[in-house]
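No experiment lies behind these values; they were computed from the predicted model shown. We count ligands from 1, going down the list as the structure has it; atoms in each ligand are counted the same way.
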Amino acid sequence: MEEKKKVMLSGIKPSGDLTLGSYLGAIKNWAERAEQFDCFYFMADLHALTERQDPAELRRHTLEQLAQYVACGLDPEKNTLFIQSHVPAHAQLGWVINCFTMFGELSRMTQFKDKSAKNAENINGGLFTYPALMAADILIYQADYVPVGDDQRQHVELTRDVARRFNGIYGDVFKIPEPYIPKIGARIMDLLDPESKMSKSDDIGNGRIKLMDRPEDIMRKFKRAVTDSETGAGCIRFDPVNKPGVANLIQIYASCTGETFEQVEAEFAGHGYGDFKKAVGESVVEMLRPIQTEAHKLMSDKAYLDELCRKGAEKASYVAEKTLRKVYKKVGLVPKA
Ligand code: TYM
């Protein structure tokens, strides 16, 4: 009998345009795994609601994100691609998981602390319980691996804790998932503020590269990227503590070209920052060029995207509802006659 493939699952909030951070930290890692795993990737639109969204923009970002997933190499025949809100079982299991997640655990989440500090006028219940919904997203597919960037590691750890707690009471209901974090690219920093993560929504734009940025804008942003005042041979070296801007550029270049940090250092040993920034910009432009061409084609094909959403939600729902039924039964809810 053919051995059952392990399950891989991940999602991205359609709360803004995808960035180079979301690509190198997450999507690139997904696209390389379709043959090996049974893969589920979704647009986490319910999660996006924890911050105020313009409704039309949220809809646009959600469908564009789907087109961009496909353009990044996620073949819809080999991966289940769907919109989170099209599979109501996520929210349904989310409630149950909420009831097994402790206030203290949620209070310790660094993303909650960061987001509430930045957005003091909208610290809503959803922002606080967000990791419980994320745990439900993962557990409902019995995922083995969750490919994410470094900032989501804590949420996956919490998912493991809650799943173990639940299994401890009700038996082996959930698979215990593992975070799957790339060695290079797990934490891409803002080009103008290399102490902060490159984010979809935080700044006015010059410190972050969007997946769909025009080549001239990408080159301009890299030209302005913050480095430091060191000059001379050997100034391009990987030292994230003392040289965060340069380390970030090395990381980006290594991730785009597949080189190691040492190889990048050797390649640019005799060069200054100007040459290096140009080379990093070019490597990003070349990596994104085919993705952008394909995404532009797909983004305008609404009928195709609608059909993908429909098929994806159907496939995902089948798996998700199976887990939900099992959980409802375990916790004592009366099945519908
Ligand atoms: P989100 O939308 O903030 O980010 C999406 C993915 O991109 C990664 N990422 C980065 N990686 C490296 N450098 C960066 N600068 C960078 N910025 C973002 C993130 O680590 C993430 O992998 N809660 C999740 C979405 C989610 C989810 C899930 C993920 C909802 N349910 C279930 C996995 C499984 C989030 O807000 O990611």
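- Among protein heavy atoms, atom 8 (C) of ligand 1 sits closest to Gly149 N, 3.9 Å.
- Protein heavy atom nearest atom 13 (N) of ligand 1, with residue, atom name and distance: Ile188 N, 2.8 Å.
- Counting only heavy atoms of the protein, atom 11 (N) of ligand 1 lies nearest to Gly21 O, 3.2 Å.
- Counting heavy atoms only, Ile138 comes closest to atom 32 (C) of ligand 1 of the residues Ile138, Ile181, Ile140.
- Below 30°, between 30° and 60°, or above 60°: for Phe40 and Phe82 the angle between ring planes is above 60°, a perpendicular geometry.
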Exercise for review: Just do the salt bridge (Lys or Arg N to Asp or Glu O under 4.0 Å) check on Glu230 and Arg237 with the steps written out, would you?
Suggested key: CA-CA 11 Å; Glu230 196 178 329; Arg237 59 176 193 282; 2.8 Å; yes
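- Considering both main-chain and side-chain atoms, Met189 never comes within under 3.5 Å of ligand 1 through any nitrogen or oxygen pair.
- For ligand 1, none of its N or O atoms has an N or O atom of Ala44 under 3.5 Å away.
- A heavy-atom separation below 4.0 Å is found between Gly185 and ligand 1.
- Put simply, Leu133 and Met43 are part of two different groups of oily side chains (I, L, V, M, F, W, Y) that touch within less than 4.5 Å, one to the next.
- Less than 4.0 angstrom separates some heavy atom of Tyr130 from each of these atoms of ligand 1: 23 (N), 24 (C), 35 (C), 36 (O).
- Selection from Lys115, Gln152, Met43 by nearest heavy atom to atom 37 (O) of ligand 1 gives Gln152.
- By the rule that hydrophobic residues join a cluster once side-chain heavy atoms approach within less than 4.5 Å of another member, Tyr41 and Tyr141 end up as members of separate clusters.
- In the vicinity of Lys13, heavy-atom distances shorter than 4.0 Å reach the ligand 1 atoms 1 (P), 2 (O), 3 (O), 35 (C), 36 (O).
- By the 4.0 Å N-to-carboxylate-O rule, Asp306 lies close enough to Lys302 to be salt-bridged with it.
- Closest to atom 29 (C) of ligand 1 among all protein heavy atoms lies Gly11 O, 3.4 Å.
- Relative ring orientation between Phe100 and Phe166 is described as perpendicular, the plane-to-plane angle rising above 60° on a 0-90° scale split at 30° and 60°.
- Polar contact check, Thr19 against ligand 1: no nitrogen or oxygen pair lies under 3.5 Å apart.
- Of all protein heavy atoms, the one closest to atom 17 (N) of ligand 1 is Met198 O, 3.6 Å.
- Near Asp151, with a cut-off below 4.0 Å to any heavy atom, the atoms of ligand 1 are 19 (C), 20 (O).
- Residue Val146 approaches ligand 1 through these ligand atoms, each under 4.0 Å from one of its heavy atoms: 33 (C), 34 (C).
- Asp144 and Tyr180 form no side-chain donor-acceptor contact under 3.5 Å, judged by distance and modelled atom types alone.
- Note on ring orientation: taking the six-membered ring where Trp is involved, the planes of Tyr145 and Phe37 are perpendicular (angle over 60°, cut-offs 30° and 60°).
- A donor-acceptor contact closer than 3.5 angstrom is absent between the side chains of Ser196 and Asp190.
- Under 4.0 Å from ligand 1, the heavy atoms of Asp137 that appear belong solely to its side chain.
- Looking only at atom types and distance, the side chain of Glu314 has no donor-acceptor partner in the side chain of Tyr318 under 3.5 Å away.
- Atoms of ligand 1 lying under 4.0 Å from at least one heavy atom of Ala186, given by number and element, are 11 (N), 12 (C), 13 (N).
- The contact set between ligand 1 and Lys200, taken as ligand atoms under 4.0 Å from a residue heavy atom, comprises 1 (P), 2 (O), 3 (O), 4 (O).
- Looking at Thr110 and Gln154, their side chains do bring a donor and an acceptor atom within 3.5 Å of each other.
- Residue contact check: Ser22 has heavy atoms under 4.0 Å from atoms 7 (O) of ligand 1.
- Ligand 1 has no N or O atom lying under 3.5 Å from any N or O atom of Phe42, backbone or side chain.
- Side-chain N/O atoms of Asn206 and Arg220 include a donor and acceptor closer than 3.5 Å.
- Residue-ligand proximity, Ala26 to ligand 1, at heavy-atom distances under 4.0 Å covers atoms 6 (C), 7 (O), 22 (O).
- In this structure, a donor-acceptor pair under 3.5 Å is absent between the side chains of Asn119 and Glu51.
- The protein atom (non-hydrogen) at minimum distance from atom 5 (C) of ligand 1 is Ile12 CG1, 3.5 Å.
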